[in-house]
Amino acid sequence: MSKTIIYQVLPRLYGNRNTTRKPNGTIEENGCGKLEDFTDKELKKIKGMGVTHIWFTGVIRHATKTDYTSAGIPSCHPAVVKGQAGSPYAISDYYDIDPDLAVNVTKRMDEFESLIHRTHKNGMKVIIDFVPNHVARQYKSLFQPQGVRGLGDDDNPAQGFSPQNNFYYCPGEQFSPYFDIYAGEREPYYEMPAKATGNDHFDSRPGMNDWYETIKLNYGVDYYAGGIGFFHPTPDTWKKMLGILRFWASKGVDAFRCDMAEMVPAAFWAWALEQLKQEYPEIKIIGEVYNPALYRTYIASGFDYLYDKVGMYDTLRAIICGHCPASAITGAWQATDDIAEHMLYFLENHDEQRIASDFFACSAWKAIPALAVSLLLRRNPFMLFEGEEYGEKGMDVEGFSGRDGRTTIFDYWSIDTLCRAEQFQLSDEERRLADMHHRLIDIAKKEKCVGEGEFFDLMYVNPASECFNPWSHYAFLRKSGRSTLLVVANFSDNAAKVEVNIPAHAIEYLHITEGMRKATELLTSATSSVTISKDCKLPANIPAYGVAIYKF
């Protein structure tokens with residue numbers, strides 16, 4: 001089985017070549033990428049990186065300050081929109097495409113369907129967001145299928161909670177945040193009674209750090225009574241959300257990345273995903289779940305992959321930043337060993353700070369050993385974020401998001417490295433970084449040891465010594481058929497010559513043939529002869545912030 005490599009892109013940013021980059025700039029000032037920017041040529045380039053799946057982030061219509069009333073789209077009150085462009089996670093119509101992304105706004109669904117066709121034609125699968133926990137405060141679908149009632153249309157807002165309501169209400173209370181959300185609009189935003197805010201804020205007065213632009217969906221859980229579930233009869237919200245999943249699956253979408261999946265009851269997922277997968281057996285479901293105690297519950301409910309954020313990502317980040325030893329990787333994979341193939345590894349995404357930012361490592365090169373570990377450690381998928389391959393810094397002051405080391409999801413902007421890559425203006429260092437990403441992904445994709453093989457952690461037999469430093473070095477084996485990979489990562493700024501102990505148990509467990517073997521270092525193509533035997537020591541030369549991958 002070939003390694004799954006996901007490439008996350010925000011089409012609003014990815015294809016935009018306008019370099020004005022005015023903080024809080026409008027779409028006219030800063031420009032906006034389009035779905036049609038993903039031409040056959042562009043998709044072939046992405047495919048050439050080894051990508052198997054593209055996650056098109058933010059394609060469903062969401063709240064925005066840009067005026068599309070001429071196209072029949074209701075305007076959004078600016079008080080409940082974050083940034084000029086708006087958050088892709090404040091959905092205003094589950095059945096529509098974001099007009100920002102269309103060349104012809106009236107043909108935006110056609111343009112998305114064409115993008116699905118082009119992506120498939122170029123040998124990749126399509127992932128989109130499913131945002132099940134919350135919607136924009138002014139949610140109103142224009143395109144829901146005939147016979148489908150709108151969210152909230154049949155609610156009784158006099159009841160704070162009812163199992164058949166789509167939203168939670170604060171009866172008798174007007175929406176009145178703890179901070180001033182008005183900026184000179186003619187009319188203040190009015191919501192009466194107030195609906196509960198998306199981040200489980202169940203009163204009428206959210207704060208600035210709450211998801212105040214969103215409202216929480218009701219899946220039959222009475223949070224006012226301590227979280228009691230009322231799931232029989234089936235809540236109305238369950239039926240409507242399954243309908244939305246079916247709608248996009250019928251368009252040819254291959255996978256859903258489910259935003260804040262753990263904020264929606266597992267009972268819903270088990271009910272909905274069983275039915276969805278009966279109709280679309282090849283569809284994949286990726287969950288944003290941050291609580292490790294819930295991992296197995298959500299996998300049992302039908303999720304194929306879950307973010308390994310709290311475990312592997314946090315561990316690798318701490319190692320890159322010098323806060324914990326490389327040997328901590330062992331504990332990170334052990335925590336999910338029984339569900340290893342369901343864990344999605346990554347080093348960047350739209351929620352996390354860029355590696356090269358001042359808030360993380362200041363240099364993308366420091367993460368190369370972590371990249372190698374993420375790609376080669378197990379059989380599970382890996383996700384790459386747009387511009388990560390070039391060392392995008394994320395240090396712009398885009399507008400709503402401010403200088404936070406992240407690439408904005410709220411503003412009209414363009415990504416510096418992607419713009420310069422198209423103009424052949426990358427630095428030598430950026431080109432070398434991209435080449436290293438491509439080569440490591442290529443090894444992960446082509447080597448059966450990675451996609452299909454067994455794994456053996458070597459850290460327990462490699463304590464601190466003159467020949468090995470567990471603070472900086474991490475070593476493991478992968479094995480498939482007659483081939484074995486020895487991977488040694490170096491998280492230090494000094495090149496290292498190490499000797500790696502290979503225990504008898506590894507030889508026996510992986511059925512490695514003993515004797516003289518030819519070893520090829522896959523990144524340099526250098527060859528050597530090594531003697532494989534029980535409890536042997538294998539030499540390895542590792543560059544600073546690098547990795548050595550020996551195949552024998």
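Along the sequence shown, the residues carry numbers beginning at 1. Please read these numbers as outputs of a predicted model, since none were measured by experiment.
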Worksheet item: With a 4.5 Å limit on heavy-atom distance, are the side chains of M343 and M312 in contact?
Response: no
Worksheet item: So does K393 pair up with D358, basic N to acidic O under 4.0 Å?
Response: no
Practice prompt. List the steps and the verdict of side chain to side chain donor-acceptor pair (under 3.5 Å) for R257 and Y307.
Written response: CA-CA 10 Å; R257 178 268 188 188; Y307 277 35; 3.1 Å; yes
Worksheet item: Angle class for the F303/W269 ring planes (parallel below 30°, perpendicular above 60°, tilted otherwise)?
Response: perpendicular
Fill in: Any L523 side-chain heavy atom under 4.5 Å of V547 side chain
yes
Worksheet item: Between Y169 and F167, what is the ring plane arrangement, given parallel below 30°, perpendicular above 60°, and tilted in between?
Response: perpendicular
Practice prompt. First locate atom CG of N349, then atom CZ of F385, and finally report the distance between them rounded to the nearest 0.5 Å.
Written response: 7.0 Å
Worksheet item: Checking K44 side chain against N122 main chain: does a donor-acceptor pair fall under 3.5 Å?
Response: no
Worksheet item: Got more than 12 heavy atoms from elsewhere within 6.0 Å of NZ, K47?
Response: yes
Worksheet item: Are D435 and R431 close enough for a salt bridge, meaning some N to O gap below 4.0 Å?
Response: no
Fill in: Side-chain touch M395/R403, heavy atoms, less than 4.5 angstrom
yes
Discussion item. Whether the side chain of S301 engages the backbone of T297 through a donor-acceptor N/O pair (distance < 3.5 Å, no angle test) should be reported.
Written reply: yes
Practice prompt. Would you mind reporting whether F359 and R406 have side-chain heavy atoms less than 4.5 Å apart?
Written response: no
Discussion item. Taking the basic N atoms (NZ, or NE/NH1/NH2) and the acidic carboxylate oxygens, is any pair closer than 4.0 Å for E341 and R378?
Written reply: no
Worksheet entry | Heavy-atom pair of closest approach, residues T197 and R137 | OG1-NH2, 2.7 Å
Worksheet item: Are R432 and D428 close enough for a salt bridge, meaning some N to O gap below 4.0 Å?
Response: no
Worksheet entry | Any side-chain heavy-atom pair of K195 and K216 under 4.5 Å | no
Worksheet item: Are any side-chain N or O atoms of Y94 and backbone N or O atoms of V131, one a donor and one an acceptor, separated by less than 3.5 Å?
Response: yes
Item to complete: Could you go through the ring-ring contact (aromatic ring centres under 6.0 Å, His included) check for Y95 and F143 one step at a time?
Response: CA-CA 6 Å; Y95 292 99; F143 297 100; 9.3 Å; no
Worksheet item: For Y89 and D129, does a side-chain donor sit closer than 3.5 Å to a side-chain acceptor?
Response: yes
Worksheet entry | Side-chain H-bond candidate by donor/acceptor type, H350 with Q8, under 3.5 Å | yes
Discussion item. Ignoring hydrogens and geometry beyond distance, is a side-chain donor-acceptor pair present between D67 and S75 at under 3.5 Å?
Written reply: no
Worksheet item: Out of curiosity, H473 NE2 to S327 OG, how far, rounded to the nearest 0.5 Å?
Response: 12.0 Å
Worksheet item: Salt-bridged, E352 to R317, with N to O below 4.0 Å?
Response: no
Fill in: Residue pair L384, H437: steps toward the side chain to side chain contact (heavy atoms under 4.5 Å, CB included) verdict
CA-CA 10 Å; L384 190 72; H437 277 77; 3.8 Å; yes
Practice prompt. Give a yes-or-no answer on whether the side chains of N166 and N218 include a donor-acceptor pair shorter than 3.5 Å.
Written response: no
Discussion item. Could you tell me if the side chain of Y168 sits less than 4.5 Å from the side chain of V221, heavy atoms only?
Written reply: yes
Worksheet item: Is a side-chain donor-acceptor pair under 3.5 Å present for T66 with Y412?
Response: yes
Discussion item. Pairing donors with acceptors under 3.5 angstrom, does anything connect the side chains of E288 and Y290?
Written reply: yes
Worksheet item: Between A79 and Y212, which heavy-atom pair has the shortest distance, and what is it?
Response: O-CE1, 3.7 Å
Worksheet entry | Stepwise side chain to side chain donor-acceptor pair (under 3.5 Å) test for Y313 and D308 | CA-CA 6 Å; Y313 169 85; D308 199 335; over 6 Å; no
Practice prompt. Taking only Lys NZ, Arg NE, NH1 and NH2, and the carboxylate oxygens of Asp or Glu, determine whether K309 and D314 approach each other closer than 4.0 Å.
Written response: yes
Item to complete: Output yes when a side-chain donor or acceptor of R118 lies under 3.5 Å from a complementary backbone atom of F38, and no otherwise.
Response: yes
Worksheet entry | Whether over 12 other heavy atoms sit under 6.0 Å from K125 NZ | no
Worksheet item: Within the side chain of E389, is there an N or O that forms a donor-acceptor pair under 3.5 Å with the backbone of G387?
Response: yes
Discussion item. Looking at N494, is its backbone amide N or carbonyl O close enough to the side chain of S492 to form a donor-acceptor pair, meaning the two atoms are under 3.5 Å apart?
Written reply: yes
Response to the item:
E213 and V81 have their tightest heavy-atom pair at CB-N, 4.5 Å
Worksheet entry | Criterion side chain to side chain contact (heavy atoms under 4.5 Å, CB included) on T417 and E430, from CA distance to verdict | CA-CA 9 Å; T417 51; E430 289 166 337; 3.9 Å; yes
Fill in: Side-chain ion pair, R17 and E422, N-O less than 4.0 Å
yes
Worksheet item: Does the pair W55 and T57 meet the rule for a side chain to side chain donor-acceptor pair (under 3.5 Å), with working shown?
Response: CA-CA 6 Å; W55 169 15; T57 303; 3.1 Å; yes
Discussion item. Checking the side chain of E36 only, and the main-chain atoms of V103 only, is there a donor and an acceptor separated by less than 3.5 Å?
Written reply: no
Worksheet item: Given the rule in the side chain to side chain contact (heavy atoms under 4.5 Å, CB included) test, do D254 and I116 qualify, once you have shown the distances and angles that lead to the verdict?
Response: CA-CA 9 Å; D254 302 288; I116 293 175; 5.7 Å; no
Practice prompt. Decide if atom NZ of K445 counts as having more than 12 heavy atoms of other residues, nucleotides or ligands within a radius under 6.0 Å.
Written response: yes
Worksheet item: Between G33 and N16, what is the shortest heavy-atom contact and its length?
Response: N-CB, 3.6 Å
Discussion item. Contact between E191 and Q174 at the side-chain level, heavy atoms closer than 4.5 Å - yes or no?
Written reply: no
Worksheet entry | Stepwise side chain to side chain contact (heavy atoms under 4.5 Å, CB included) test for L245 and F247 | CA-CA 5 Å; L245 286 166; F247 173 82; over 6 Å; no
Item to complete: Would you kindly check if the NZ (Lys) or CZ (Arg) of R354 is within the cone defined by 45 degrees around the ring axis of F360 and under 6.0 Å from the six-membered ring centre?
Response: no
Worksheet entry | Which residues share a side-chain contact (heavy atoms from CB on, under 4.5 Å) with Y178, sequence neighbours left out | R205
Practice prompt. Indicate the atoms forming the closest heavy-atom contact of Y345 with S374, along with that distance.
Written response: CD1-O, 3.4 Å
Worksheet item: For residues W413 and N18, is any side-chain donor paired with an opposing acceptor at under 3.5 Å?
Response: no
Worksheet entry | R108: which of D93, D96, D98 passes salt bridge (charged side-chain N to carboxylate O under 4.0 Å, His left out) | D96
Worksheet item: Between L347 and A367, what is the shortest heavy-atom contact and its length?
Response: CD1-O, 4.1 Å
Worksheet item: Would F382 and F346 count as a ring-ring contact (aromatic ring centres under 6.0 Å, His included) if you check the C-alpha gap in whole Å, the side-chain angles of each, and the deciding distance to 0.1 Å?
Response: CA-CA 6 Å; F382 175 76; F346 60 89; 8.4 Å; no
Worksheet item: Does a side-chain heavy-atom distance below 4.5 Å link I127 with I286?
Response: yes
Practice prompt. Taking Q353 for its side chain and D404 for its backbone only, find out whether a donor-acceptor pair lies under 3.5 Å.
Written response: yes
Worksheet item: Among side-chain atoms of T408 and E398, is any donor-acceptor pair under 3.5 angstrom?
Response: no
Practice prompt. Keeping the roles fixed (side chain from Q84, backbone from T26), state whether a donor-acceptor pair exists under 3.5 Å.
Written response: no
